[in-house]
Every structure is written in structure tokens, then in C-alpha cells.
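Heads up, the thing below is written out as C-alpha cells.
Computation of the quantities below employed the complete heavy-atom set of this structure, encompassing side-chain atoms and omitting hydrogens, waters and symmetry-equivalent molecules. We name chains A, B, ... by the order of the sequence lines, and we start the count at 1 in each one.
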Amino acid sequence: MTVVTRFAPSPTGFLHIGGARTALFNWLYARHTGGKFLLRIEDTDRERSTDEAIAAILDSLNWLELEWEGEPVYQAQRVERHAEVARTMLAQGKAYHCYCSPEELTEMRESARAEGRPMRYDGRWRDRDRSEAPAGIKPVVRLRAPQEGETVIRDKVQGDITIANAQLDDMVLLRSDGTPTYMLAVVVDDHDMGVTHVVRGDDHLTNAARQMQIFQAMDWPVPVFAHLPLIHGPDGAKLSKRHGAVGAEAYREMGFLPEAMRNYLLRLGWAHGDDETISTEQAVAWFDFDGIGRSPARFDMAKLTALNLHYIKIADDARLARLTAPLLGARLGRTLDEGGLALLTAAMPSMKERAKTLVEMAENAEFYFHPRPVAPDEKAAKVLTPEARGAIAELAGELAGVAEWNAPALEAVVRGHAERAGLGLGKVAQPLRAALTGRTVSPPVFDVMAIFGREESLARLTDAAAA
RNA sequence: GACCCCUUCGUCUAGCGGUCAGGACACGACCCUUUCACGGUUGAGACACGGGUUCGAUUCCCGUAGGGGUCGCCA
């Protein structure tokens with residue numbers, strides 16, 4: 001049997017970070033088993049669903065490189081099929097019309113709560129004849145759910161979950177306007193799409209029991225369920241807007257790499273022994289449900305950042321430059337041209353060990369693109385004392401004489417100078433840094449000079465010496 | 001309120017009856033060092049509580065406490 005998983009977001013906002021993890025696990029499991037990963041947009045709530053949200057979700061999934069198979073299925077386009085299934089159940093006596101008013105339902109819930117009973121519909125229209133129907137009321141269609149016994153969800157993560165059928169009421173399948181509810185739509189779509197494994201958030205666990213009743217009523221095979229524990233904020237409450245960024249796209253904007261995001265999300269609730277940095281290839285090879293924990297995990301920005309540092313360090317220079325260029329361009333107020341991109345790429349080896357995010361990378365690289373004369377920041381200005389400027393002038397003269405303009409040769413010159421002057425390298429390098437970059441923090445000065453090239457470097461030093 | 005679930009360092013977790021309870025992030029110290037980082041070494045840091053079962057419980061069972069989820073003609 002080929003495994004078929006799916007991710008089924010409702011397009012009412014950005015891709016939630018929890019949704020991103022759900023999508024990742026579905027994708028991984030499909031890849032691990034050689035199965036298929038499908039995408040379904042649950043847009044049956046026409047009020048809240050928007051095209052922008054759909055675009056944002058697809059965009060985030062693309063960013064995370066979680067590619068799905070085929071075209072996304074739009075649930076709203078399948079309402080006729082959903083209604084057809086409801087009619088079938090009606091014809092088979094698996095469902096019935098209910099003429100309760102909203103007021104009746106509310107009252108039912110309130111009295112149930114007051115008496116400490118489970119809040120559920122009491123099934124008053126279960127066996128009543130249609131002739132008793134009040135005039136002018138459009139009925140809903142409800143499932144004739146089993147009232148005795150129990151429904152057990154054999155969950156791959158949570159284990160066997162047993163729920164007494166008495167706890168579950170006759171859920172609405174078709175609204176009074178004839179449109180399907182989520183419960184019906186999910187089951188019909190999962191069945192029609194051939195979904196074999198339903199992997200989703202823990203918040204759907206009790207829904208699984210209800211959905212099983214629909215599968216059983218239709219005599220359809222029940223898929224394997226795997227309910228993932230939710231992601232919580234640092235305070236232990238369900239992750240929400242007040243915790244800061246909850247949308248996947250926000251992390252892209254903060255300069256996180258998709259592979260870092262995947263690794264972090266994977267480890268949040270899943271483990272493979274002591275392994276921490278797990279490549280996507282390894283994840284595909286190792287992923288299975290038995291590695292998933294049962295308790296909710298807190299989102300930890302620091303750990304994500306540490307992982308991002310690792311992935312930046314091993315990433316390809318040209319790719320990093322390409323990803324950093326727009327961020328840098330925004331800071332500079334202009335778009336980087338080919339030459340700029342080439343400079344950024346060349347600078348990458350000495351930059352990528354010092355940035356935790358691409359945003360930080362852009363900040364750190366900015367000085368390379370500031371035109372002469374260098375405008376030193378406050379700290380750099382302090383370093384550029386008259387004595388320092390004198391030393392820079394001397395040094396510039398010596399550096400002009402090097403045959404090969406590369407980092408080791410330049411370092412040799414400066415070291416020699418420092419030794420003769422009886423100074424530590426730091427005493428000499430720091431003014432150089434200030435003169436070249438206008439900052440007191442930068443990549444190693446010899447690398448900086450090598451990147452700038454002979455002409456630009458000497459010009460910057462001469463500027464500083466002359467001031 | 002009813003039902004279901006969860007509980008190992010601050011955080012993510014390993015552990016699947018006998019371990020000095022391991023790793024990672026964060027934190028402290030030291031080393032490396034031209035700045036900032038990286039890196040290396042090292043330190044502190046946990047089995048929620050109470051009963052059982054057992055020769056022996058972090059591990060199995062039952063309670064308690066705490067936390068979470070679900071109870072819509074939302075998804």
C-alpha cells in the first residue's frame with residue numbers, strides 16, 4: 001500500500017508555525033515511505049478564507065521546500081460531492097434531518113453544563129417523523145451516531161484513545177443552507193484523495209473520533225491517525241500572536257534558512273537519539289512516528305538561532321549572497337548589481353561564521369558597499385587618533401609594496417610592522433579596521449583588504465591618514 | 001463543568017527495571033585570538049508529589065497536583 005499523506009490548512013491567515021511543522025511531518029513521512037504528500041485547502045468557510053491567505057501559505061510551503069504532489073485540492077469546489085455523500089447517508093438511514101433552532105441548541109448546552117452533563121445535542125429529532133417538522137424551518141442533516149459502546153482511535157503518537165460514544169453527539173453534516181460542515185468535508189475528501197495517514201495537530205484528536213464515525217457509517221476504511229502535540233510559547237500556553245512571530249513567513253524575514261527551520265521544527269517534538277543537526281536527507285531516512293513525543297513543546301528562538309548559525313556556516317557562498325542581497329539592498333536603498341553580488345559572494349567565507357541570521361549578515365556586510373570616504377562610527381572615530389593616523393600612513397606605504405595582494409601577504413607585512421614597533425597586532429589592526437570599515441567590529445582586516453583589493457584598500461587608508 | 005491527553009536540567013530531549021540519568025541550546029569559567037564571532041575544554045543544572053508492584057523504580061500500576069486539548073449550522 002502506498003502511503004498518502006496530506007496537509008490541509010484553512011486559508012484564514014499566514015502559515016502558522018505549528019502548521020509548518022505539521023506539513024513537514026506529513027512531507028517527511030511520505031518521503032520516508034516513498035509515498036505521496038498532497039495539499040488540500042480547506043476553504044469551506046467562505047467568510048474567513050481569502051486568496052491572500054492561500055497565496056501566503058503556498059509561498060511559505062515553497063520557501064520551506066515542502067513540495068506537494070499535483071494541484072492543491074480546494075475543498076470549496078467539492079461541496080456537491082460532500083452533499084451527495086450526505087444524501088447517501090440519509091437514504092441509508094445513517095443520517096437524519098434535525099429541525100432544532102439555534103436557540104434550542106443553546107439552551108440545551110446551557111442546561112447540560114449547569115447539570116454537569118456533557119454538552120451535546122440530545123438527539124431529539126433522531127427518530128421523529130418528518131411530518132412533525134415545524135413549517136418554514138430548513139433542517140440540518142445530522143449523523144445518526146452510535147449511542148452506546150465506544151470509539152477507539154488507534155493513534156500512532158498518542159496510543160489507543162478510547163472515547164465513550166455517549167460523549168459524542170449526532171454531529172451536523174450538512175448545514176441548513178445545504179453546505180457541508182468541516183467534519184463531513186474532511187472525511188469525504190480524505191477518502192476520495194486516498195489519504196492513508198492523517199497527520200495533524202493534537203487539537204484534532206477528539207475530532208478523529210467523530211470522523212471515524214462518519215468513515216464507519218460510509219463503510220470506508222479508516223486512515224491511520226497521528227496527532228502531533230501542539231507547539232507552545234515560552235510561557236507554556238498555546239503559541240499565539242502575543243508570543244511574537246507565529247507565521248512562517250516572519251522567520252524568513254528574520255533571516256532564517258529553510259533548512260534550519262526544518263531541522264528546528266523536526267527536533268521540536270521528535271528525536272532520534274542524541275542527534276541534533278539533522279540534514280533533510282537524514283530526516284527523510286530516519287523519520288518515523290515512534291520518534292514523536294507525546295507532550296507539547298515550547299518554541300525556543302535561541303535554539304532555532306543556533307541551528308541557523310550552523311546552516312549558514314555550511315551553506316554555499318553564492319546562495320548566501322543571493323539570499324542576503326535583497327536585505328542588504330534594502331539597507332542601502334538600492335539594488336545590488338552583478339558586481340555587488342560578486343563582491344558579496346567573495347566576502348562570504350569570512351562573513352558566514354559571524355552571522356546568526358541573514359539579517360545580521362546584511363548588517364555585517366554593509367560597510368563593503370559604503371563609498372569613500374569612510375564615515376567612521378563613534379567607536380571607530382575614537383580609535384582613529386592622530387597617532388593612529390600616522391601609523392596608518394606608514395603602514396599604507398609598506399602595504400603598497402606587497403607583490404601579491406592577498407590576506408597572508410598582507411598579514412605578514414602588518415605583523416612585521418607591529419613587531420618592529422614593539423606592539424601587539426591588535427594595536428595595529430584595530431586602527432586599520434577603523435580606517436577600512438569605519439567600524440570596530442568586522443571580519444579579519446586582512447580578509448577585508450583582500451576583498452576590497454589593492455586600490456580601494458590603499459585609498460581608504462590614505463583617506464584616513466590624511467584626515 | 002464533562003471528556004481526553006501530558007509531566008526528565010531554564011528550554012528541546014535521550015532513556016524503553018539495575019546508568020556516575022546522556023546530548024543540544026541558553027548560562028558561568030578557562031583556552032584560542034587583530035575586533036566580533038567560530039571553535040576547544042570545563043562548571044552548574046532535572047526524573048512534579050504520594051502510594052503501590054518488585055530484590056530493585058526515572059522507567060510498570062493507582063491517586064494527587066500542575067499543564068494542555070476538545071466540547072459550533074468554525075476549521
Side-chain angles (χ1 to χ4, degrees), chain A residues 8-12 42-45 47-49 75 98 100 102 105-106 109 112-121 138-142 153 155 158-159 161-164 166-169 171-177 179-183 185-186 201-207 209-210 227 229-230 232 234 236-238 264 267-277 293-307 309 313 351-356 360 364 379 383 411 414-415 418 424-434 437 439-446:
Chain A
S10 55
T12 56
E42 310 217 316
D43 54 351
T44 49
D45 185 346
E47 299 289 305
R48 297 196 301 151
S49 299
Q75 198 160 58
C98 166
C100 277
L105 259 13
T106 307
R109 269 191 290 277
R113 191 193 175 99
E115 291 164 34
R117 288 182 286 113
M119 293 184 283
R120 51 187 288 280
Y121 169 68
K138 287 190 170 171
V140 298
V141 173
R142 285 185 183 271
I153 307 159
D155 194 277
Q158 310 290 346
I161 308 299
T162 304
I163 296 178
Q167 290 296 325
L168 275 14
D169 59 5
M171 77 196 101
V172 173
L173 265 18
L174 238 39
R175 302 186 186 103
S176 50
D177 65 359
T179 59
T181 60
Y182 163 77
M183 286 299 173
V186 167
D202 212 354
D203 48 343
H204 287 286
L205 188 58
T206 42
N207 286 340
R210 310 179 101 89
H227 288 92
L230 267 19
H232 286 180
K238 188 174 175 178
Y264 178 69
R267 279 290 289 106
L268 200 57
W270 179 87
H272 184 267
D274 281 341
D275 295 304
E276 293 288 348
T277 55
R294 297 139 303 269
S295 55
R298 302 182 189 205
F299 193 85
D300 180 15
M301 195 69 123
K303 190 145 185 176
L304 203 211
T305 305
L307 236 18
L309 175 90
K313 213 187 309 181
M351 302 255 329
K352 64 184 186 182
E353 290 200 349
R354 334 185 113 68
K356 292 184 168 66
E360 214 175 288
N364 295 347
K379 285 179 186 165
V383 173
E411 180 167 354
V414 176
R415 275 193 189 279
L425 189 54
K427 287 284 184 210
V428 185
Q430 208 50 2
L432 278 182
R433 185 186 321 280
T437 70
R439 302 179 177 191
T440 53
V441 173
S442 82
V445 285
F446 309 114

Assuming nearest nucleotide by heavy-atom distance, tell me which of P443(A) and D300(A) is located more 5' along RNA chain B. D300(A)
Rounded to whole angstrom units, what separation is found between the CH2 atom of W270(A) and the P atom of rU11(B)? 22 Å
Sorted by chain and number, sequence neighbours left out, side-chain contact (heavy atoms from CB on, under 4.5 Å) with D274(A) holds for none
Could you give the NZ-to-P distance, from K303(A) to rU11(B), as a whole number of Å? 12 Å
What's the gap between rG51(B) and rA57(B) when it is taken at their C1' atoms, as a whole Å value? 13 Å
Measure from CE on M183(A) to P on rG72(B) and round the result to the nearest Å. 10 Å
Can you tell me, in whole Å, how much space there is between the P of rA44(B) and that of rG10(B)? 15 Å
What interatomic distance, in whole Å, is found between P of rA24(B) and the corresponding atom of rU42(B)? 11 Å
Between C1' on rC12(B) and CG on L304(A), what's the gap in Å once rounded to a whole number? 12 Å
Rounded to whole Å, the NE2-P distance (H272(A) to rU13(B)) equals 16 Å
Pick the closest RNA chain B nucleotide for T162(A) and for R210(A) by heavy atoms, then say which residue is nearer the 5' end. T162(A)
In whole Å, what is the span from the CG atom of D177(A) to the C1' atom of rC73(B)? 8 Å
Distances for protein N or O near nucleotides 19-21 of chain B N or O, under 3.5 Å:
none

When you check the phosphate oxygens OP1 and OP2 of rC4(B), does a side-chain N or O of T206(A) lie under 4.0 Å from one of them? no
Any base atoms under 4.0 Å from F446(A), or only sugar-phosphate, or nothing? Heavy atoms, all strands. base
Under-4.0 Å side-chain N/O to phosphate OP1/OP2 contact, R415(A) with rU34(B): yes
Could you check which of rG69(B), rC5(B), rG23(B) has an atom nearest any side-chain atom of D274(A)? rG23(B)
Interatomic distance where NE2 belongs to H204(A) and C1' belongs to rG69(B) [whole Å]: 11 Å
Taking only side-chain nitrogens and oxygens of K379(A), does any of them come within less than 4.0 Å of OP1 or OP2 of rU35(B)? no
How should the glycosidic conformation of rC60(B) be described, syn or anti, under the criterion that syn lies within 90° of 0? anti
Looking for any heavy atom pair under 4.0 Å, which part of the strands does V172(A) touch: base, sugar-phosphate only, or nothing? sugar-phosphate
Specify the separation, in whole Å, of atom CD of Q430(A) and atom C1' of rU33(B). 13 Å
